[in-house]
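Heads up: the structure comes next, in structure tokens.
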Amino acid sequence: MKVIYTDSLVIGGGLAGLRVAIASMQRGFDTIVLSLIPAKRSHSAAAQGGMQASLGACIKGDGDDEDVHFGDTVKGSDWGCDQDVARMFVNTSPKAIRQLAAWGVPWSRVRGGDRDVIINGEKVTITEKEEAHGLITSRDFGGTKKWRTCFTSDGTGHTMLYAMDNKAIQMGIPVHERKEAIALIHEDGVCYGAIVRDLITGELIAYVAKATTIATGGYGRLYSVSTNAVISEGIGNAIALETGIATLGNMEAVQFHPTAIVPVGILTTEGCRGDGGLLLDKDGYRFMPDYEPDKKELASRDVVSRRMTEHMRKGKGVPSRYGDHLWLDITLLGRKHIEKNLREVKEICEYFLGIDPVEEYIPVRPTQHYSMGGIRTKATGESPTLKGLFSAGEAACWDMHGFNRLGGNSVAETVVAGMIVGEFVADYCDENSLNVSTSTIEHFMKQEEKKITDLLVRDFGENPFQLKAEMQKIMMDKVGIFRNGEDLEQAVEELKVLNQRAKKIALRNRISSSNPELVEAIRVPKMIKLAQCVAYGAMLRTESRGAHAREDYLERNDKDWLKRTLTTWKDDSSDLPEVTYEDLDIMKMEMPPGSRGYGVDNTIHHPDTPKREQEIEEIKQANPGADRYEMHDLLNPTPIPEKFKGRNERIGRGFK
Amino acid sequence: MSDQERVLKFQIFRYNPQNKGDKPRMVTYEVTEAPGMTIFIALNEIRETQDPSIQFDFVCRAGICGSCAMVVNGQPTLACRTLTSTYEDGEIKLLPLPGFELIGDLSVNTGKFMRAMSERVESWIHDNYADEVNFERLEERMDPDVADEIYELERCVECGACVSACATKRMRPDFLSAVGFMRLARFALDPRDKRTDEEFYEIMGDDDGVFGCMTLLGCEDYCPKDLPHQTQIAYLRRKMALI
């Protein structure tokens with residue numbers, strides 16, 4: 001049995017994983033990163049538009065600060081997020097971006113003086129402050145009060161990931177590439193690493209560690225059309241689920257991005273609309289102002305995706321052989337702007353659609369994009385039920401996104417969670433010694449060996465590629481943008497059948513070393529379980545909140561549903577997860593539930609909401625001299641690691 | 001694009017070094033073309049319906065991550081964004097990228113090569129104070145044009161097309177190649193990197209570095225991101241010659 005020992009094992013080499021690894025290494029702990037692929041190819045690289053941090057240097061970001069960012073994030077989440085975490089996040093994000101600037105990200109900078117921009121379809125001249133010249137600039141994104149999204153052209157994820165991986169290389173952090181974690185090792189409620197398969201040799205290796213961090217990204221590939229990379233299959237989530245101890249949070253919270261190209265589902269950034277692009281229907285008519293007169297194309301993602309779908313259902317979509325779509329018009333931005341700030345979008349249009357977006361409209365449709373759900377963690381990033389297991393980034397339900405993530409908050413989460421969770425991981429490594437019996441390691445190793453041997457000897461059975469395609473179709477057709485009880489019940493029943501069939505996979509290519517069919521055979525049963533968590537959670541949640549939109553329960557129901565869905569899979573022979581709920585405590589909220597300001601507000605309020613509002617009012621009146629920092633401490637103090645506690649400086653405002 | 005269905009003929013290099021006794025060979029597969037079909041879509045269809053053992057690497061499938069460079073009808077390129085309709089006779093020959101360790105079939109170990117390259121050129125900001133930056137304070141200012149210029153050179157996706165298209169690399173196994181030069185040019189341009197020209201000379205001032213380049217410029221011809229390799233190699237040479 002091959003065993004590799006380390007202090008901090010990080011599964012996933014994207015932005016979040018690398019940042020956790022850097023934190024562990026900085027604190028002097030032996031650290032190993034496992035990755036399916038070379039780290040610089042991780043899906044983080046595909047983030048185009050930018051990272052939200054309230055630097056407020058750009059004139060349209062003037063007046064921005066942590067509090068405004070907090071408000072946008074909580075509203076965006078439809079009050080489903082953990083406000084402690086959102087608060088930690090907004091306070092740390094400016095630091096994260098400045099650290100990345102020191103590590104080499106060439107953030108686009110403010111140029112003092114006049115410049116022309118497109119706002120609401122009109123050319124407008126704005127004047128940047130001369131004193132802000134050379135500071136990090138920002139662009140507009142959906143669902144935000146200020147221009148807060150910092151960027152490098154539309155290759156932001158790429159430059160962030162390159163800077164982060166370069167830092168990791170500088171520190172000598174080993175990245176074990178082409179390795180897949182297929183099971184967690186745990187004993188008495190404590191996690192001690194993972195059983196890992198070498199994707200080239202097929203060898204199984206036990207990586208035994210004090211702390212294990214899962215940072216494997218989202219589960220978008222449960223759907224047949226997704227903007228996600230093909231590796232975003234949720235396997236990190238699944239191995240946590242298969243412990244029967246770790247819980248997954250809000251798996252039904254799945255985001256659809258308004259503008260992926262048709263038919264392949266590749267993303268065009270929200271920056272297209274942030275920079276002034278418009279959505280048009282088959283008549284060339286700009287329809288969003290009819291639905292959302294205030295934010296128009298820049299309403300929150302879930303809202304825009306639903307409005308687009310509604311509009312297509314009215315027969316206003318552009319028919320094509322791949323079904324209806326709408327147009328994204330960025331021609332009004334002009335060649336110079338597109339070739340500088342939207343060049344990846346331009347390349348994608350040229351190569352995949354054969355069009356020049358400077359001259360022509362882009363065919364787009366809402367497409368699966370982001371997984372708000374994931375491994376449930378405490379604010380420290382540790383699983384509340386499985387000690388020593390941490391998670392960060394999209395893989396986690398740290399829960400700053402609730403039921404809808406704002407554009408620009410995902411890459412921001414990866415690095416901020418990496419910093420914060422990284423410190424808690426290091427604390428854990430500091431406080432705990434590795435105390436696991438070799439028989440436990442052997443038990444998990446044998447279990448995985450047996451599963452693989454079974455697959456290799458079975459003569460007849462199911463085709464893993466086919467099972468996956470069937471699962472993806474169910475999710476696409478029945479657990480999509482608009483959901484209803486009937487479809488969801490069918491999805492759950494169909495997934496139960498698939499779950500049984502997945503126990504009988506047989507291979508055509510029966511070798512244990514590098515074998516894509518075997519990889520699929522290992523992953524697909526895990527993916528079906530995750531899909532069931534999504535479908536079943538969606539079926540049970542009889543309300544509409546953020547990206548979870550029920551046609552049969554239109555209202556957000558705080559009275560009965562202001563709670564987080566927790567899923568575990570304790571019984572391996574079962575076809576359904578166990579579902580419990582965790583209440584969100586309004587009485588601790590800095591910002592009690594209110595209206596997001598989209599469409600008709602038909603929220604069913606919780607009795608605690610007026611109570612908490614009154615309490616907040618009283619606290620405010622009792623402390624008339626309190627500044628915003630003191631007020632935040634009075635309303636809901638949050639545990640930010642000492643390193644990141646300080647106030648953030650802004651141009652023209654200092655540390656106020 | 002024609003709506004007429006045609007049958008594409010893929011000739012694909014097959015060899016799995018993990019399989020004892022396996023021999024390199026070309027195997028032909030036929031696929032019915034679909035509108036908008038890319039090599040990514042076609043290869044997956046072959047794997048799912050004809051031969052589940054075939055190895056290749058795709059991640060983003062959007063031309064962003066650099067995983068899928070291979071030799072398509074004699075030319076190194078990103079397979080994910082190559083439309084099958086580009087090839088009029090419907091015959092497509094796929095070979096793994098030369099110059100890298102073969103993992104199997106069309107999959108090569110660019111990751112190992114690129115990590116070694118990054119270590120060799122010390123692909124990070126050299127500034128003793130970078131870790132002591134007080135990130136509560138305003139960030140150091142940077143000229144907006146300089147930031148944009150750095151981004152231009154940082155668009156490299158480490159796909160390896162330049163390495164496989166480089167004749168010098170064939171002759172000199174340790175040749176740094178265009179990907180390394182581009183990375184050095186990127187850091188040499190960056191005011192945050194405090195390395196001196198002499199320090200850069202130590203890294204690239206020999207025949208395996210910028211002076212070894214025969215200026216055949218396959219890198220310039222085949223870079224899928226159209227990076228300015230020719231200009232940057234010339235710039236680095238001049239800079240190094242002045243040392």
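In what follows, every heavy atom counts, from backbone to side chain, and hydrogens, waters and symmetry copies are set aside. Letters go in sequence order (proteins before strands), and every chain restarts at 1.
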Inset, instruction - Please look at A:Ser226 and chain B and tell me whether the side chain, the backbone, both or neither of the residue comes under 4.5 angstrom of a heavy atom of that chain. - result: backbone

Legend entry - A:Lys340 portion near chain B, given a 4.5 angstrom heavy-atom threshold: side chain

Legend entry - side-chain contact (heavy atoms from CB on, under 4.5 Å) between B:Glu154 and A:Ser153, worked out: CA-CA 11 Å; B:Glu154 181 143 305; A:Ser153 181; over 6 Å; no

Inset, instruction - Check whether any side-chain N or O of A:His133 sits under 3.5 Å from a backbone N or O of B:Arg141 as a donor-acceptor pair, and report yes or no. - result: no

Inset, instruction - Under 4.5 Å, counting heavy-atom pairs only, tell me which of A:Ile97, A:Ile136, A:Asn463, A:Val264 racks up the most with chain B. - result: A:Ile136

Inset, instruction - Tell me, out of A:Tyr351, A:Trp107, A:Phe644, A:Tyr322, who's got the most heavy-atom pairs with chain B below 4.5 Å. - result: A:Tyr351

Inset, instruction - Taking all heavy atoms of B:Phe187 and all of A:Asn166, pick out the closest pair and write down the distance. - result: CZ-ND2, 4.1 Å

Legend entry - Modelled atom types, side-chain donor and acceptor of A:Ser514 and B:Gln55, under 3.5 Å: yes

Legend entry - Side chain, backbone, both or neither of A:Gln48 within contact of chain B (heavy atoms, under 4.5 Å): side chain

Legend entry - Among A:Asn228, A:Leu135, A:Val105, residue most engaged with chain B (heavy-atom pairs, under 4.5 Å): A:Leu135

Legend entry - Interface moiety of A:Ser232 toward chain B, non-hydrogen atoms closer than 4.5 Å: neither

Inset, instruction - Apply side-chain contact (heavy atoms from CB on, under 4.5 Å) to the pair A:Lys95 and B:Arg137, showing each step before the final yes or no. - result: CA-CA 8 Å; A:Lys95 298 180 180 71; B:Arg137 308 206 63 118; over 6 Å; no

Inset, instruction - Drop me the distance from A:Ile511's CD1 to B:Asp22's CG, to the nearest 0.5 angstrom. - result: 8.5 Å

Inset, instruction - Go through the side-chain N and O atoms of B:Ser53 and A:Arg508 and say whether any donor and acceptor fall under 3.5 Å apart. - result: no

Inset, instruction - Heavy atoms only: give me the nearest B:Phe135-A:Arg98 pair and the separation to one decimal. - result: O-CD, 3.4 Å

Legend entry - Per-residue contact mode, A:Arg221 against chain B (heavy atom under 4.5 angstrom): side chain

Inset, instruction - Could you look at A:Ile348 and say if it's the side chain, the backbone, both or neither that has a heavy atom under 4.5 Å from chain B? - result: side chain

Legend entry - Rounded distance (nearest 0.5 Å) linking atom CD1 of A:Ile266 with atom CZ of B:Arg61: 5.0 Å

Inset, instruction - Start with the C-alpha gap between B:Arg192 and A:Trp103, add the side-chain angles, then the distance that decides, and say whether side-chain contact (heavy atoms from CB on, under 4.5 Å) holds. - result: CA-CA 9 Å; B:Arg192 294 168 293 193; A:Trp103 289 355; over 6 Å; no

Inset, instruction - Just give me the residue among B:Gly104, B:Gly66, B:Cys60, B:Gly63 that pairs up with chain A most often, heavy atom to heavy atom, under 4.5 Å. - result: B:Gly66

Legend entry - Whether A:Glu649 side chain and B:Glu136 backbone form a donor-acceptor pair below 3.5 Å: no

Legend entry - Minimum-distance pair of heavy atoms, taken over all atoms of A:Pro106 and B:Arg186: CD-NH2, 4.3 Å

Legend entry - A:His43 (side chain) donor-acceptor with B:Val59 (main chain) under 3.5 angstrom: no

Inset, instruction - With a 4.5 angstrom heavy-atom cut-off, could you sort out which part of A:Arg343 is near chain B: side chain, backbone, both or neither? - result: side chain

Inset, instruction - Using atom types as modelled and distance alone, determine if a side-chain donor or acceptor of B:Arg115 lies under 3.5 Å from a backbone N or O of A:Pro38. - result: no

Inset, instruction - Quick one: which of A:Arg178, A:Glu517, A:Arg647 has the most heavy-atom pairs under 4.5 Å with chain B, could you say? - result: A:Arg178

Legend entry - A:Val230 versus B:Phe58, closest heavy-atom pair with distance: CG2-O, 3.2 Å

Legend entry - A:Arg41 side-chain N/O to B:Gly111 backbone N/O, donor-acceptor pair under 3.5 Å: no

Inset, instruction - Identify which of B:Thr38, B:Asp148, B:Asn44, B:Asp143 forms the greatest number of heavy-atom pairs closer than 4.5 Å to chain A. - result: B:Asp148

Legend entry - Greatest number of heavy atom pairs closer than 4.5 Å to chain A - which of B:Phe56, B:Tyr129, B:Trp124: B:Trp124

Inset, instruction - Let me know if A:Val110 has heavy atoms under 4.5 Å from chain B in its side chain, its backbone, both or neither. - result: backbone

Inset, instruction - Examine whether an atom of A:Ile651 lies under 4.5 Å from a heavy atom of chain B, and if so say whether it belongs to the side chain, the backbone or both; otherwise answer neither. - result: both

Inset, instruction - Count the heavy atoms belonging to other residues, nucleotides or ligands that lie under 6.0 Å from NZ of B:Lys194, then report whether that count exceeds 12. - result: yes

Inset, instruction - Indicate yes or no for a side-chain donor-acceptor contact from A:Arg111 to the backbone of B:Pro144 under 3.5 Å, with no hydrogens or angles considered. - result: no

Inset, instruction - Search all heavy atoms of B:Pro52 against all heavy atoms of A:Pro516 and return the closest pair with its distance. - result: O-CG, 3.5 Å

Legend entry - Test log, rule side-chain contact (heavy atoms from CB on, under 4.5 Å), inputs B:Asp57 and A:Ile37: CA-CA 9 Å; B:Asp57 293 320; A:Ile37 52 169; over 6 Å; no

Inset, instruction - State whether the number of non-hydrogen atoms from other residues, nucleotides or ligands found under 6.0 Å of B:Lys112 atom NZ is greater than 12. - result: no

Legend entry - A:Gly104 versus B:Ile125, closest heavy-atom pair with distance: CA-CG1, 3.6 Å

Legend entry - Proximal component of A:Ala57, with respect to chain B [non-hydrogen, under 4.5 Å]: neither

Inset, instruction - Against chain B, work out which of A:Glu177, A:His158, A:Gln99 has the most heavy-atom pairs shorter than 4.5 Å and name it. - result: A:His158

Inset, instruction - Could you tell me whether a side-chain N or O of B:Arg155 sits under 3.5 Å from a main-chain N or O of A:Thr159, the two making a donor and an acceptor? - result: no

Inset, instruction - Among A:Glu347, A:Glu344, A:Glu350, find the residue that satisfies the salt bridge (charged side-chain N to carboxylate O under 4.0 Å, His left out) test when tested with B:Arg81. - result: A:Glu347

Inset, instruction - Please indicate whether B:Glu140 has more than 12 foreign heavy atoms, meaning atoms of other residues, nucleotides or ligands, lying under 6.0 Å from its CD. - result: no

